[in-house]
Amino acid sequence: MLGNFYIEGGVPLRGEYRVKGAKNSALPVMAATVCRGAVYEVYDCPRIGDVFAMEEILRYLGAHTRWENDCIIIDSRGVNKYTVPEDLMSEMRSSVFLMGSLLARCGEAVIHRPGGCNIGSRPIDIHVSGLEQLGFEIEAEQEKIRCKGTCRGGKITLTYPSVGATENLMMAALSGKGDTIIENCATEPEISDLQGFLRTAGFQVFGAGTDTIFIKGTGRSCPGPEQMMYFILEDRIEAATYMSAVMGTGGKAVFRNVRAEIMEKVLCTFEKMGAVIRRYGNTVEIQSTKRLKSPGMVITQPYPGFPTDCQPQLMTLCTLAKGLTTIREEIFESRFTHKNELAKMGADIEICGKNAIIKGSSTLRGAEVEALDLRGGAALVIAGLMAEGSTVVRNTFHIQRGYEELEKGLRTLGGIIETKG
Ligand code: UD1
């Protein structure tokens with residue numbers, strides 16, 4: 001179902017919100033349950049489209065899954081296939097992680113080039129070249145990629161710190177004959193969370209969070225618990241999205257279950273724009289200002305830099321921020337698709353190559369707009385809350401891929417937003 005959001009703008013958001021578990025942790029962790037057959041209770045797992053798509057793939061591979069509130073219980077002991085069919089794979093790019101976990105479990109994996117957001121070509125050459133360097137044989141036939149063999153271990157260096165490739169290779173190396181060192185890794189907190197999961201499952205992985213990760217090869221017989229519990233890291237991107245909505249509407253809110261230290265770059269940018277932020281324990285309190293100021297130039301970068309997944313939301317805020325803002329998108333090549341939709345609401349944005357130049361005005365007006373990808377769609381919802389009058393955001397299924405009941409969460413903060421078919 002495509003779905004639409006109907007929004008009445010102009011209400012400052014106020015109240016309290018508990019941040020949910022991270023999509024970008026839940027997906028690799030779910031894939032990692034394949035590495036070793038056991039029963040995994042994964043708590044704080046967001047109920048979102050991408051997680052349901054991963055669940056469907058796990059079931060196809062032979063796992064049993066069920067939900068108890070926000071906990072997904074995955075029994076991966078029955079996994080007996082190593083091919084991920086094209087139709088399931090095309091639903092979600094993150095299914096590429098299954099290459100690593102299936103190799104760890106079965107010594108063979110067949111996948112199709114993954115689907116995902118409309119934000120660029122998103123190649124998987126770094127994944128494939130890393131697997132080859134670890135000793136796996138790769139055969140590519142149009143969209144189908146077959147990979148088999150045993151990891152021989154050794155030291156490899158990624159040409160770019162890709163998040164997905166780091167996670168995939170961490171898993172592929174688990175069943176190695178020798179130990180593996182991966183250099184120039186991505187350092188995102190979600191990679192540390194995957195390491196935490198793998199260690200709880202009995203594997204020996206060290207160094208996540210730094211640019212060098214060490215994986216002890218266990219052959220294919222890793223001892224570990226028959227049953228285990230794991231709590232997913234909080235979603236720093238969901239937190240930043242709600243905080244942007246609070247910022248853009250001149251509101252004030254308290255966020256629970258979020259650590260400021262994993263989203264410092266975003267919080268500092270909000271402070272430059274005039275917000276007053278208090279950080280304590282697992283809580284962040286944010287108070288916006290009457291008129292936002294431009295943060296100047298913001299460049300998206302790998303962690304700990306400003307996250308590309310928060311760029312569309314920031315762009316929306318800058319449409320009403322006093323002054324000129326330049327946002328330089330350094331991670332994905334076509335991640336400005338929300339620009340034309342924001343323009344329908346009166347935003348003044350010019351795109352010059354990797355740069356978006358945004359001239360802050362005093363109002364946005366409600367309009368009918370279309371979500372074209374996950375974060376761009378969330379940015380339009382924020383714009384609707386900031387605008388004068390009514391906004392319709394069409395194709396909300398993109399948003400539901402990555403946010404659990406965004407409309408409900410925003411309503412708890414006082415936002416006027418309804419969903420209809
Ligand atoms: C992950 C996140 C996504 C986030 C992105 C960057 C998950 C499920 N998704 O995506 O939300 O936006 O990190 O923080 O965790 N690249 C190549 N070749 C490769 C792999 C990547 O050229 O083999 C390029 C990509 O096209 C992109 C850049 O590297 O331009 C970053 O990609 P990567 O870090 O791999 O992002 P994902 O893991 O896909």
Side-chain angles (χ1 to χ4, degrees), residues 1 3 5 15-34 38-59 63-76 91-92 94-95 97 101 167 188-201 225-243 245 253-259 262-263 281-284 309 374-375 377-378 381 396-413 415 417 419:
M1 197 170 73
F5 284 151
E16 191 175 312
Y17 183 75
R18 181 189 180 276
V19 176
K20 298 193 168 69
K23 158 183 157 314
N24 288 353
S25 274
L27 295 171
V29 160
M30 288 172 80
T33 63
V34 169
V39 180
Y40 300 94
E41 293 173 19
V42 181
Y43 287 86
D44 238 348
C45 190
R47 297 178 80 107
I48 54 176
D50 274 7
V51 161
F52 296 139
M54 180 63 89
E55 182 183 8
E56 205 181 331
I57 297 175
L58 293 177
R59 281 171 175 257
H64 291 280
T65 64
R66 69 188 164 87
W67 285 87
E68 276 180 16
N69 302 314
D70 67 352
C71 171
I72 183 167
I73 300 161
I74 302 169
D75 179 349
S76 66
E91 282 180 34
M92 189 199 28
S94 306
S95 40
F97 305 130
S101 56
E167 293 169 334
E188 269 67 1
E190 293 75 19
I191 294 169
S192 306
D193 205 37
L194 175 63
Q195 170 178 281
F197 174 84
L198 292 171
R199 287 170 71 154
T200 313
E226 282 291 292
Q227 180 145 11
M228 61 167 261
M229 294 163 67
Y230 195 72
F231 281 79
I232 293 290
L233 172 83
E234 76 269 19
D235 197 326
R236 61 196 166 99
I237 309 298
E238 191 208 32
T241 303
Y242 276 86
M243 288 177 191
V254 177
F255 292 88
R256 308 260 180 232
N257 188 40
V258 61
R259 281 159 305 142
I262 63 167
M263 53 184 304
N282 283 4
T283 301
V284 173
D309 286 351
L374 165 58
R375 306 300 174 187
V381 172
T396 54
F397 74 95
H398 283 297
I399 299 172
Q400 282 144 359
R401 275 189 40 224
Y403 293 93
E404 181 180 330
E405 299 186 312
L406 180 63
E407 71 288 5
K408 204 167 154 187
L410 291 169
R411 276 202 299 269
T412 63
L413 294 175
I417 170 166
T419 177

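The figures that follow rest on heavy atoms only: side chains count, while hydrogens, waters and symmetry mates do not. The shown structure was predicted, so the numbers you read here are calculated from the model rather than taken from an experiment.
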With E234, the salt bridge (Lys or Arg N to Asp or Glu O under 4.0 Å) member among K20, R259, R256: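 That would be R259.
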Identify the two heavy atoms, one from [X] and one from [Y], that lie closest to each other, and give their separation to 0.1 Å.
X	Y	result
T200	G196	OG1-O, 2.7 Å
L194	A32	CD1-CB, 3.8 Å
A201	P225	O-CD, 3.7 Å
G21	P46	O-CG, 3.4 Å
A245	L410	CB-CD2, 4.0 Å
Y242	G409	OH-CA, 3.3 Å

Check: [Y] and [X] side chains under 4.5 Å, non-hydrogen atoms:
X	Y	value
V39	E226	no
D70	E404	no
N24	E188	no
L374	Y403	yes
I73	E68	yes
F197	M228	yes

[X] (side chain) donor-acceptor with [Y] (main chain) under 3.5 angstrom:
X	Y	value
R59	T65	yes
N257	R18	no
D235	K23	yes
S76	T33	yes
R47	F52	no
S25	I232	no

Who pairs with S192 by side-chain hydrogen bond (donor to acceptor under 3.5 Å, both in side chains), at least two apart in sequence or on another chain?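 side-chain hydrogen bond (donor to acceptor under 3.5 Å, both in side chains) list for S192, sorted by chain: empty.
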Using a strict cut-off of less than 4.0 Å between a Lys/Arg side-chain nitrogen and an Asp/Glu carboxylate oxygen, indicate whether E190 and R236 qualify as a salt bridge.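 A salt bridge links E190 with R236.
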Under 30°, 30 to 60°, or over 60°: which ring-plane class applies to F255 and Y17, parallel, tilted or perpendicular?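 Aromatic pair F255/Y17 classed perpendicular.
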Evaluation steps, side-chain contact (heavy atoms from CB on, under 4.5 Å), between F5 and I399: CA-CA 10 Å; F5 284 151; I399 299 172; 4.1 Å; yes
Among side-chain atoms of T419 and E407, is any donor-acceptor pair under 3.5 angstrom?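 Distance-only check fails for T419 and E407.
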Would you please say whether a donor-acceptor pair under 3.5 Å links the side chains of Y230 and D193?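 On atom types as modelled, these side chains qualify, holding a pair under 3.5 Å.
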Spacing of [X] atom [atom1] and [Y] atom [atom2] [to the nearest 0.5 Å]:
X	Y	atom1	atom2	answer
R66	C71	CZ	SG	8.0 Å
M30	L58	CE	CG	5.5 Å
I74	E41	CD1	CD	11.0 Å
E16	L413	CD	CG	9.5 Å
D50	Q400	CG	CD	12.0 Å
Y40	M229	OH	CE	15.0 Å

